[in-house]
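Structure record follows, encoded as structure tokens.
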Amino acid sequence: MKFRDLLAAALTGIGIGIPITLICMISIGGWNDIVKEFTVWTVAAALFGLLSVITLRNDKLNLILGTVLHCLGCLGITVGTCAIIGYSTDVFEILISVAPVFIVIYVALYSLGVVSMKMNAKKANEALNKK
């Protein structure tokens, strides 16, 4: 069994288990602030996933544009989620709070992506040169 298979199974379990957990939480304890927060972040996570497919797996977008669109979309989803939950009544305050985190994460992810692509290109070139 490979780690990738275990990870896929865990993610599938989360994807199926979270909605069931939310239904159980509501049926046992009713709708409350904890359930609301959990539900809103679950919807946000689903939107992050959809946005990832639309922007990062789109052959029509180059890496920079796809990354920027993904970052802005996820930032918007996060700010909206925080506003819906009520972390602050000032959307600009939320934006200022989370934007630095997004910048650091996306610079790191983009850098790792570029390094990974260069390593793969080097391996491919070496394999082609051996033929």
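Of the inter-residue distances, the one linking Ser27 atom OG with Leu22 atom CG reads 10.5 Å to the nearest 0.5 angstrom. Expressed to the nearest 0.5 Å, how far CG of Leu109 lies from SG of Cys71 amounts to 9.5 Å. Here NE2 of His70 is found 10.0 Å from CZ of Arg57. Values are rounded to the nearest 0.5 Å.
Remark: of the listed residues Ile77, Thr78, Thr42, Ile77 is the sole one forming a side chain to side chain contact (heavy atoms under 4.5 Å, CB included) with Leu47.
Ser52 places a side-chain N or O within 3.5 Å of a backbone atom of Phe48 that can act as its donor or acceptor partner. Formation of a donor-acceptor pair under 3.5 Å by the Asp5 side chain with backbone atoms of Met1 is not found in this model.
With sequence neighbours excluded, no residue forms a side-chain hydrogen bond (donor to acceptor under 3.5 Å, both in side chains) with Thr21.
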Inset, instruction - Show the numbers, then the answer: is there a side chain to side chain contact (heavy atoms under 4.5 Å, CB included) between Leu95 and Leu75? - result: CA-CA 8 Å; Leu95 180 63; Leu75 183 60; 3.6 Å; yes
Inset, instruction - Show your reasoning for whether side chain to side chain contact (heavy atoms under 4.5 Å, CB included) applies to Thr39 and Trp31. - result: CA-CA 10 Å; Thr39 301; Trp31 184 261; 3.9 Å; yes
Inset, instruction - Any chance you could lay out the side chain to side chain contact (heavy atoms under 4.5 Å, CB included) test for Leu7 and Lys2, step after step, and finish with the verdict? - result: CA-CA 9 Å; Leu7 182 60; Lys2 295 181 181 177; over 6 Å; no
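In terms of heavy atoms, Thr81 sits closest to Ala44 at OG1-CB, 3.3 Å. For the pair Leu61 and Ile54, the tightest heavy-atom approach, listed with the atom from each and the gap, is CD1-O, 4.3 Å. A pairwise comparison of heavy atoms in Leu51 and Thr55 identifies O-OG1, 2.7 Å as the closest pair. Of all heavy-atom pairs spanning Val91 and Ala83, the tightest one is CG2-CB, 4.4 Å.
Both Ile94 and Tyr106 are part of a single hydrophobic cluster, where members link through side-chain heavy atoms under 4.5 Å apart. If you chain together hydrophobic residues whose side chains sit under 4.5 Å apart, Ile14 and Val35 fall into the same group. Val43 and Ile26 are members of different hydrophobic clusters when ILVMFWY side chains are connected at heavy-atom separations under 4.5 Å.
Residues Ser97 and Tyr87 have side chains not in contact (no heavy-atom distance under 4.5 Å, counting atoms from C-beta outward). Trp41 has its side chain out of reach of Lys36: every pair of non-hydrogen atoms, C-beta onward, lies at least 4.5 Å apart. Met25 places none of its side-chain heavy atoms less than 4.5 Å from the side chain of Asn32.
Within 6.0 Å of the CD1 atom in Ile34, the count of heavy atoms belonging to other residues, nucleotides or ligands does not exceed 12.
With side-chain heavy atoms closer than 4.5 Å counting as contact, directly or through intermediates, the hydrophobic cluster containing Ile64 also holds Leu63, Val68, Leu72, Tyr110, Val114, Met117.
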